[in-house]
Amino acid sequence: MCKNLGYYAKVIFFHKYWINICFFEEDLNTSNLLINWYQLNKRELPWRNTSDPYKIWLSEIILQQTRVQQGLPYFERFTHHYPTINDLASANEQDILLLWQGLGYYSRARNMHQTAKIIVDKYHGNFPSNYSEIIALKGIGEYTAAAIASFAFGLAYPVLDGNVYRVISRLFGIEKPIDTSQGKKEVTEALNLVFSQDNPGLFNQAIMEFGATHCTPKKPKCSTCIFNSKCEANRINKVESIPLKKGKTKVLKIKHTYLCLIFKKNTFIQQRTEGIWKNLYQFPLIEKYIGPNEIAKFLDNFLENTSNFKILDKYESKHILSHRKIDAIFYTIYVDTQPVFSKNNIFEIPLTEMSTKYPTSILTQNYLKNITHDQ
DNA sequence: AAGGCGGGGGT
DNA sequence: ACCCCAGCCTT
(Lines give C-alpha, C1' and ligand atoms only; values in the text may rest on other atoms or scores of the structure.)
Protein backbone atom coordinates (compact mmCIF):
# COMPACT_ATOMS: atom_id res chain seq x y z
CA MET A 1 0.00 0.00 0.00
CA CYS A 2 2.67 2.45 1.05
CA LYS A 3 4.76 1.25 -1.83
CA ASN A 4 1.94 2.01 -4.21
CA LEU A 5 1.48 5.47 -2.79
CA GLY A 6 5.16 6.14 -3.24
CA TYR A 7 4.96 4.78 -6.74
CA TYR A 8 2.09 7.01 -7.76
CA ALA A 9 3.68 10.04 -6.18
CA LYS A 10 6.72 9.44 -8.31
CA VAL A 11 4.67 8.95 -11.44
CA ILE A 12 2.74 12.15 -10.78
CA PHE A 13 5.88 14.14 -10.17
CA PHE A 14 7.50 12.65 -13.20
CA HIS A 15 4.46 12.74 -15.41
CA LYS A 16 6.73 13.69 -18.27
CA TYR A 17 8.97 10.66 -17.72
CA TRP A 18 6.37 8.20 -16.57
CA ILE A 19 7.33 5.55 -19.06
CA ASN A 20 10.88 5.55 -17.75
CA ILE A 21 9.69 5.46 -14.16
CA CYS A 22 7.61 2.36 -14.82
CA PHE A 23 10.56 0.76 -16.49
CA PHE A 24 12.92 1.48 -13.61
CA GLU A 25 10.35 0.46 -11.00
CA GLU A 26 10.08 -2.95 -12.63
CA ASP A 27 13.76 -3.35 -13.21
CA LEU A 28 15.35 -3.14 -9.80
CA ASN A 29 18.84 -4.00 -10.91
CA THR A 30 19.93 -0.64 -12.29
CA SER A 31 22.05 -0.14 -9.20
CA ASN A 32 23.35 -3.69 -9.51
CA LEU A 33 24.35 -3.06 -13.10
CA LEU A 34 26.28 0.02 -12.01
CA ILE A 35 27.95 -1.75 -9.12
CA ASN A 36 28.91 -4.72 -11.26
CA TRP A 37 30.29 -2.42 -13.91
CA TYR A 38 32.26 -0.58 -11.24
CA GLN A 39 33.85 -3.68 -9.81
CA LEU A 40 35.07 -4.65 -13.26
CA ASN A 41 36.19 -1.21 -14.45
CA LYS A 42 37.18 0.88 -11.43
CA ARG A 43 40.47 2.70 -11.24
CA GLU A 44 42.80 1.94 -8.37
CA LEU A 45 42.83 5.11 -6.25
CA PRO A 46 44.46 5.58 -2.84
CA TRP A 47 41.41 6.99 -1.03
CA ARG A 48 39.43 3.90 -1.99
CA ASN A 49 41.65 1.67 0.09
CA THR A 50 40.98 3.34 3.42
CA SER A 51 38.13 3.77 5.87
CA ASP A 52 39.90 6.64 7.64
CA PRO A 53 37.38 9.51 7.60
CA TYR A 54 40.24 12.02 7.59
CA LYS A 55 41.70 10.62 4.36
CA ILE A 56 38.27 10.37 2.75
CA TRP A 57 37.43 13.94 3.75
CA LEU A 58 40.80 15.17 2.48
CA SER A 59 40.30 13.46 -0.86
CA GLU A 60 36.80 14.89 -1.26
CA ILE A 61 37.94 18.45 -0.59
CA ILE A 62 40.79 18.08 -3.07
CA LEU A 63 38.48 16.62 -5.71
CA GLN A 64 35.91 19.43 -5.59
CA GLN A 65 35.82 20.84 -9.13
CA THR A 66 39.09 19.04 -9.74
CA ARG A 67 39.93 16.04 -11.89
CA VAL A 68 41.29 12.91 -10.25
CA GLN A 69 44.46 13.18 -12.32
CA GLN A 70 45.13 16.70 -11.09
CA GLY A 71 44.28 16.01 -7.44
CA LEU A 72 46.16 12.74 -7.03
CA PRO A 73 49.66 14.17 -6.33
CA TYR A 74 48.18 16.67 -3.88
CA PHE A 75 46.50 13.86 -1.95
CA GLU A 76 49.82 12.04 -1.69
CA ARG A 77 51.57 15.22 -0.58
CA PHE A 78 49.03 16.05 2.12
CA THR A 79 48.84 12.54 3.56
CA HIS A 80 52.63 12.45 3.65
CA HIS A 81 53.06 15.83 5.36
CA TYR A 82 49.95 15.55 7.55
CA PRO A 83 49.22 11.85 8.24
CA THR A 84 46.52 12.64 10.82
CA ILE A 85 43.98 15.38 11.32
CA ASN A 86 45.94 16.50 14.37
CA ASP A 87 48.96 17.17 12.18
CA LEU A 88 46.84 19.23 9.81
CA ALA A 89 45.17 21.16 12.60
CA SER A 90 48.46 22.13 14.23
CA ALA A 91 50.08 23.27 10.96
CA ASN A 92 50.05 26.95 10.03
CA GLU A 93 47.98 28.26 7.17
CA GLN A 94 50.92 29.44 5.11
CA ASP A 95 52.43 25.94 4.98
CA ILE A 96 49.06 24.45 4.06
CA LEU A 97 48.60 26.99 1.27
CA LEU A 98 52.13 26.24 0.09
CA LEU A 99 51.21 22.58 -0.23
CA TRP A 100 47.92 23.53 -1.92
CA GLN A 101 49.71 25.90 -4.31
CA GLY A 102 48.68 25.35 -7.92
CA LEU A 103 45.45 23.50 -7.21
CA GLY A 104 43.21 26.58 -7.23
CA TYR A 105 40.09 27.46 -5.23
CA TYR A 106 42.26 28.28 -2.25
CA SER A 107 39.30 28.77 0.10
CA ARG A 108 39.19 24.96 0.15
CA ALA A 109 42.56 24.90 1.92
CA ARG A 110 41.62 27.67 4.35
CA ASN A 111 38.28 26.04 5.21
CA MET A 112 39.91 22.64 5.52
CA HIS A 113 42.39 24.00 8.06
CA GLN A 114 39.61 25.65 10.06
CA THR A 115 37.57 22.44 10.04
CA ALA A 116 40.57 20.38 11.15
CA LYS A 117 41.03 22.63 14.16
CA ILE A 118 37.34 22.38 15.04
CA ILE A 119 37.38 18.58 14.82
CA VAL A 120 40.42 18.42 17.08
CA ASP A 121 39.05 20.94 19.58
CA LYS A 122 35.37 20.05 19.64
CA TYR A 123 35.39 16.37 18.63
CA HIS A 124 38.73 15.38 20.18
CA GLY A 125 40.09 14.52 16.75
CA ASN A 126 37.29 12.09 15.88
CA PHE A 127 35.48 12.95 12.67
CA PRO A 128 31.73 13.40 13.35
CA SER A 129 29.80 10.38 12.10
CA ASN A 130 26.33 11.71 11.35
CA TYR A 131 25.20 13.73 8.36
CA SER A 132 23.96 16.84 10.16
CA GLU A 133 27.21 17.31 12.05
CA ILE A 134 29.28 16.60 8.93
CA ILE A 135 27.48 19.10 6.72
CA ALA A 136 27.74 21.76 9.41
CA LEU A 137 31.52 21.82 8.91
CA LYS A 138 33.19 24.58 6.89
CA GLY A 139 33.82 23.65 3.26
CA ILE A 140 31.44 20.68 3.31
CA GLY A 141 28.23 21.02 1.30
CA GLU A 142 25.58 18.51 0.27
CA TYR A 143 27.81 16.54 -2.07
CA THR A 144 30.80 16.20 0.25
CA ALA A 145 28.65 15.43 3.29
CA ALA A 146 26.92 12.59 1.42
CA ALA A 147 30.25 11.29 0.15
CA ILE A 148 31.84 11.19 3.61
CA ALA A 149 28.69 9.80 5.24
CA SER A 150 28.44 6.94 2.74
CA PHE A 151 32.14 6.16 2.19
CA ALA A 152 33.36 6.44 5.76
CA PHE A 153 30.27 5.52 7.76
CA GLY A 154 28.09 3.49 5.38
CA LEU A 155 25.14 5.89 5.68
CA ALA A 156 22.51 5.91 2.92
CA TYR A 157 22.95 9.37 1.38
CA PRO A 158 23.17 9.59 -2.44
CA VAL A 159 25.87 11.86 -3.84
CA LEU A 160 24.96 14.36 -6.54
CA ASP A 161 27.99 15.75 -8.36
CA GLY A 162 28.68 16.65 -11.97
CA ASN A 163 29.04 13.00 -12.93
CA VAL A 164 25.77 11.97 -11.32
CA TYR A 165 23.94 14.91 -12.91
CA ARG A 166 25.10 13.70 -16.30
CA VAL A 167 24.39 9.98 -15.83
CA ILE A 168 20.94 10.46 -14.30
CA SER A 169 19.78 13.19 -16.67
CA ARG A 170 20.78 11.06 -19.66
CA LEU A 171 19.32 7.85 -18.26
CA PHE A 172 15.95 9.54 -17.65
CA GLY A 173 16.13 11.97 -20.55
CA ILE A 174 15.77 15.01 -18.30
CA GLU A 175 16.04 18.11 -20.47
CA LYS A 176 15.49 20.78 -17.83
CA PRO A 177 18.72 22.74 -17.27
CA ILE A 178 20.51 21.16 -14.33
CA ASP A 179 21.73 24.51 -13.01
CA THR A 180 18.19 25.49 -12.03
CA SER A 181 16.31 24.47 -8.90
CA GLN A 182 13.69 22.72 -11.03
CA GLY A 183 16.29 20.69 -12.91
CA LYS A 184 18.12 19.81 -9.73
CA LYS A 185 14.86 18.64 -8.16
CA GLU A 186 14.06 16.34 -11.08
CA VAL A 187 17.51 14.79 -11.07
CA THR A 188 17.35 14.32 -7.30
CA GLU A 189 14.02 12.52 -7.53
CA ALA A 190 15.24 10.29 -10.34
CA LEU A 191 18.44 9.51 -8.46
CA ASN A 192 16.43 8.37 -5.46
CA LEU A 193 14.70 5.82 -7.69
CA VAL A 194 17.89 4.01 -8.60
CA PHE A 195 19.92 4.65 -5.42
CA SER A 196 20.94 1.54 -3.50
CA GLN A 197 20.00 1.80 0.16
CA ASP A 198 21.82 -1.47 0.79
CA ASN A 199 25.20 -0.45 -0.64
CA PRO A 200 25.25 3.34 -0.53
CA GLY A 201 29.02 3.77 -0.58
CA LEU A 202 29.54 1.29 -3.38
CA PHE A 203 26.69 2.73 -5.41
CA ASN A 204 27.97 6.29 -5.01
CA GLN A 205 31.48 5.32 -6.08
CA ALA A 206 30.06 3.34 -8.99
CA ILE A 207 27.84 6.03 -10.48
CA MET A 208 30.56 8.68 -10.23
CA GLU A 209 33.17 6.43 -11.77
CA PHE A 210 30.73 5.51 -14.52
CA GLY A 211 30.18 9.19 -15.27
CA ALA A 212 33.88 10.00 -15.12
CA THR A 213 35.15 7.28 -17.43
CA HIS A 214 32.23 5.93 -19.46
CA CYS A 215 29.27 8.33 -19.63
CA THR A 216 31.61 11.24 -20.35
CA PRO A 217 30.59 14.79 -21.36
CA LYS A 218 32.09 14.44 -24.84
CA LYS A 219 32.10 11.25 -26.84
CA PRO A 220 30.39 8.97 -24.33
CA LYS A 221 30.88 5.27 -25.01
CA CYS A 222 27.26 4.54 -25.83
CA SER A 223 28.03 1.64 -28.16
CA THR A 224 29.41 -0.41 -25.27
CA CYS A 225 27.11 0.90 -22.54
CA ILE A 226 25.38 -1.28 -19.95
CA PHE A 227 22.34 1.00 -20.30
CA ASN A 228 22.31 1.15 -24.07
CA SER A 229 18.77 -0.23 -24.34
CA LYS A 230 17.19 1.76 -21.55
CA CYS A 231 18.94 5.13 -21.70
CA GLU A 232 16.30 7.68 -22.69
CA ALA A 233 18.81 10.22 -23.99
CA ASN A 234 20.27 7.54 -26.26
CA ARG A 235 16.80 6.50 -27.42
CA ILE A 236 15.84 10.02 -28.49
CA ASN A 237 19.34 10.72 -29.82
CA LYS A 238 20.10 13.55 -27.40
CA VAL A 239 23.07 12.16 -25.52
CA GLU A 240 25.29 15.00 -26.72
CA SER A 241 22.89 17.73 -25.61
CA ILE A 242 21.99 16.28 -22.20
CA PRO A 243 22.56 17.54 -19.57
CA LEU A 244 21.60 21.07 -20.57
CA LYS A 245 22.96 24.11 -18.73
CA LYS A 246 21.92 27.71 -18.80
CA GLY A 247 25.58 28.52 -18.28
CA LYS A 248 26.87 32.00 -19.06
CA THR A 249 29.97 32.39 -16.90
CA LYS A 250 31.28 35.67 -18.19
CA VAL A 251 34.99 36.19 -18.40
CA LEU A 252 36.36 39.48 -17.14
CA LYS A 253 39.39 40.81 -19.01
CA ILE A 254 41.84 42.62 -16.77
CA LYS A 255 45.43 43.86 -16.87
CA HIS A 256 48.07 43.53 -14.16
CA THR A 257 51.49 45.08 -13.79
CA TYR A 258 53.77 43.62 -11.10
CA LEU A 259 56.91 45.37 -9.90
CA CYS A 260 59.61 42.97 -8.76
CA LEU A 261 62.10 45.27 -7.07
CA ILE A 262 65.46 43.79 -6.25
CA PHE A 263 67.90 45.31 -3.79
CA LYS A 264 70.95 43.25 -2.77
CA LYS A 265 69.35 39.84 -3.45
CA ASN A 266 66.20 40.83 -1.58
CA THR A 267 62.78 41.58 -2.96
CA PHE A 268 59.50 43.02 -1.69
CA ILE A 269 56.09 41.35 -1.57
CA GLN A 270 52.59 41.75 -0.21
CA GLN A 271 49.84 39.36 0.88
CA ARG A 272 46.47 39.48 -0.85
CA THR A 273 43.62 40.02 1.59
CA GLU A 274 40.50 39.40 -0.47
CA GLY A 275 39.02 38.10 -3.70
CA ILE A 276 40.99 35.93 -6.04
CA TRP A 277 44.12 34.29 -4.53
CA LYS A 278 43.14 35.48 -1.06
CA ASN A 279 45.98 35.08 1.49
CA LEU A 280 48.49 34.23 -1.24
CA TYR A 281 51.50 36.47 -1.89
CA GLN A 282 52.53 38.61 -4.86
CA PHE A 283 54.88 41.33 -5.99
CA PRO A 284 53.48 44.87 -5.60
CA LEU A 285 50.59 45.09 -8.04
CA ILE A 286 49.17 47.89 -10.19
CA GLU A 287 45.86 46.86 -11.70
CA LYS A 288 46.52 48.26 -15.18
CA TYR A 289 49.21 48.29 -17.83
CA ILE A 290 52.32 50.36 -17.12
CA GLY A 291 54.83 51.11 -19.84
CA PRO A 292 58.59 51.08 -19.14
CA ASN A 293 58.78 54.87 -19.37
CA GLU A 294 56.11 55.22 -16.66
CA ILE A 295 58.00 53.11 -14.12
CA ALA A 296 59.77 56.12 -12.60
CA LYS A 297 56.48 57.83 -11.84
CA PHE A 298 55.02 54.71 -10.18
CA LEU A 299 58.13 54.08 -8.14
CA ASP A 300 57.66 57.60 -6.80
CA ASN A 301 54.13 56.65 -5.78
CA PHE A 302 55.25 53.42 -4.10
CA LEU A 303 58.37 54.68 -2.39
CA GLU A 304 58.97 57.36 0.19
CA ASN A 305 62.56 57.71 -0.92
CA THR A 306 64.01 58.00 -4.38
CA SER A 307 66.46 55.68 -5.98
CA ASN A 308 68.24 55.03 -9.22
CA PHE A 309 66.83 51.99 -10.90
CA LYS A 310 67.39 49.79 -13.88
CA ILE A 311 64.77 47.67 -15.62
CA LEU A 312 66.36 44.26 -16.06
CA ASP A 313 63.49 42.46 -17.67
CA LYS A 314 59.95 42.86 -18.93
CA TYR A 315 58.05 39.58 -18.79
CA GLU A 316 54.60 39.41 -20.36
CA SER A 317 52.13 36.60 -19.88
CA LYS A 318 48.48 35.76 -20.33
CA HIS A 319 46.69 33.89 -17.57
CA ILE A 320 43.36 32.21 -18.28
CA LEU A 321 40.94 31.38 -15.46
CA SER A 322 37.33 30.30 -15.62
CA HIS A 323 36.14 33.83 -14.79
CA ARG A 324 39.16 35.99 -15.61
CA LYS A 325 41.48 36.61 -18.49
CA ILE A 326 44.53 38.39 -17.13
CA ASP A 327 47.14 40.10 -19.29
CA ALA A 328 50.11 40.59 -16.99
CA ILE A 329 53.46 42.37 -17.15
CA PHE A 330 56.24 41.68 -14.65
CA TYR A 331 59.09 44.19 -14.45
CA THR A 332 62.32 43.04 -12.86
CA ILE A 333 63.87 46.23 -11.48
CA TYR A 334 67.19 46.69 -9.74
CA VAL A 335 67.36 49.63 -7.31
CA ASP A 336 70.56 51.02 -5.77
CA THR A 337 69.23 52.26 -2.42
CA GLN A 338 67.16 50.56 0.26
CA PRO A 339 63.50 51.09 -0.76
CA VAL A 340 61.10 52.48 1.84
CA PHE A 341 57.53 51.74 0.87
CA SER A 342 54.73 54.15 1.67
CA LYS A 343 52.34 51.20 1.93
CA ASN A 344 53.03 49.24 5.09
CA ASN A 345 51.69 45.90 3.80
CA ILE A 346 54.80 45.43 1.69
CA PHE A 347 57.69 43.61 3.33
CA GLU A 348 61.18 42.46 2.44
CA ILE A 349 62.34 38.88 1.83
CA PRO A 350 65.25 37.16 0.13
CA LEU A 351 64.24 36.68 -3.50
CA THR A 352 65.04 32.97 -3.33
CA GLU A 353 62.38 32.48 -0.64
CA MET A 354 59.57 33.71 -2.89
CA SER A 355 59.26 30.34 -4.58
CA THR A 356 59.93 28.18 -1.51
CA LYS A 357 58.27 29.84 1.50
CA TYR A 358 55.45 31.95 0.12
CA PRO A 359 52.40 30.50 -1.63
CA THR A 360 51.74 32.29 -4.91
CA SER A 361 49.49 32.01 -7.95
CA ILE A 362 50.54 30.03 -11.01
CA LEU A 363 50.81 33.40 -12.77
CA THR A 364 53.52 34.51 -10.36
CA GLN A 365 55.19 31.09 -10.35
CA ASN A 366 55.58 31.20 -14.12
CA TYR A 367 57.35 34.54 -13.81
CA LEU A 368 59.62 33.19 -11.08
CA LYS A 369 60.56 30.21 -13.22
CA ASN A 370 61.35 32.60 -16.04
CA ILE A 371 63.75 34.85 -14.10
CA THR A 372 65.51 32.04 -12.26
CA HIS A 373 65.96 30.29 -15.58
CA ASP A 374 67.56 33.43 -17.03
CA GLN A 375 70.09 33.73 -14.23
C1' DA B 1 18.98 32.60 -7.70
C1' DA B 2 23.23 34.28 -9.13
C1' DG B 3 27.97 35.16 -9.04
C1' DG B 4 32.77 34.58 -7.23
C1' DC B 5 36.31 31.48 -6.83
C1' DG B 6 41.80 28.39 -10.09
C1' DG B 7 43.88 25.67 -12.86
C1' DG B 8 44.32 21.98 -16.18
C1' DG B 9 42.76 18.99 -19.89
C1' DG B 10 39.85 17.77 -23.84
C1' DT B 11 37.71 18.93 -28.24
C1' DA C 1 37.45 29.32 -28.13
C1' DC C 2 34.54 26.79 -25.13
C1' DC C 3 33.31 23.18 -21.85
C1' DC C 4 33.99 20.54 -17.79
C1' DC C 5 35.92 18.78 -13.60
C1' DA C 6 34.09 13.79 -7.07
C1' DG C 7 31.32 22.18 -5.35
C1' DC C 8 31.03 25.64 -1.67
C1' DC C 9 30.13 30.14 0.06
C1' DT C 10 28.25 34.71 0.03
C1' DT C 11 24.96 38.09 -1.33
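Below, chain A is the first sequence line, B the second, and so on; all start at residue 1.
- OP1 and OP2 of C:dC5 both lie 4.0 Å or more from every side-chain N or O belonging to A:Tyr165.
- C:dA6 and B:dG3 have their P atoms separated by 24 Å, given to the nearest Å.
- Nucleotides C:dT10 and B:dG7 have their C1' atoms positioned 22 Å apart, rounded to a whole Å.
- Of the two residues near DNA chain C, A:Lys325 and A:Glu209, the one whose nearest nucleotide lies more 5' is A:Lys325.
- Rounded to a whole Å, the CD atom of A:Gln64 is 18 Å from the P atom of B:dG8.
- The shortest distance between side-chain heavy atoms of A:Asn366 and A:Asn370 does not fall below 4.5 Å.
- Between the CD1 atom of A:Ile320 and the P atom of C:dC5 there is a distance of 20 Å, rounded to whole Å.
- Projected onto DNA chain B by closest heavy-atom contact, A:Gly275 and A:Thr180 fall at different nucleotides, the more 5' of which corresponds to A:Thr180.
- For A:Tyr143, the side-chain atoms get nearest to C:dG7 when compared with the rest of C:dG7, C:dC5, B:dG7.
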Within the sub-3.5 Å range, which N or O atoms of nucleotides 9-11 of chain B have a protein N or O partner, and how far apart are they?
none

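- Between A:Ser181 and B:dA1, a side-chain N or O to OP1/OP2 separation shorter than 4.0 Å is present.
- For A:Glu60 and A:Thr249, each mapped to the nucleotide of DNA chain C holding its nearest heavy atom, the one lying further toward the 5' end belongs to A:Thr249.
- Listed nucleotides C:dA6, B:dG8, B:dG6 differ in distance to A:Ile362; the shortest reach to its side chain belongs to B:dG8.
- Checked against C:dA6, C:dC8, B:dG7, the side chain of A:Thr144 finds its nearest nucleotide in C:dC8.
- The side chain of A:Arg110 contributes no N or O atom lying less than 4.0 Å from OP1 or OP2 of C:dC9.
- Ion pairing between A:Arg43 and A:Glu209 holds under the 4.0 Å rule for side-chain N and carboxylate O.
- Summarising the geometry, the separation between NZ on A:Lys245 and C1' on C:dC4 is reported as 6 Å, rounded to the nearest angstrom.
- When each of C:dC5, B:dG7, C:dA6 is scored by its nearest atom to the side-chain atoms of A:Leu321, the top-ranked nucleotide is B:dG7.
- The interatomic distance linking A:Leu45 (CG) with C:dA6 (C1') rounds to 11 Å, in whole Å.
- Per the geometry, NZ belonging to A:Lys278 stands 20 Å off C1' belonging to B:dG7, to the nearest Å.
- Close to B:dG3, at under 4.0 Å from its OP1 or OP2, lies no side-chain N or O of A:His323.
- Taking A:Phe302 as the reference, nothing meets the ring pair (Phe, Tyr, Trp, His ring centres under 6.0 Å) condition, with sequence neighbours excluded.
- Listed pair A:Lys138 / C:dT10 meets the phosphate criterion, a side-chain N or O lying under 4.0 Å from OP1 or OP2.
- Checking B:dG6, C:dA6, C:dC5 against every side-chain atom of A:Arg166, the shortest atom distance belongs to C:dC5.
- When distances run from any side-chain atom of A:Trp277 to the nucleotides B:dG7, C:dA6, C:dC9, the shortest one goes to B:dG7.
- Electrostatic pairing of A:Glu142 and A:Lys184 counts as a salt bridge here, judged by a charged N lying under 4.0 Å from a carboxylate O.
- Between A:Phe195 and A:Phe203, the distance separating the two ring centers is shorter than 6.0 angstrom.
- Comparing B:dG6, C:dA6, B:dG8 by their nearest atom to the side chain of A:Trp47 picks out C:dA6.
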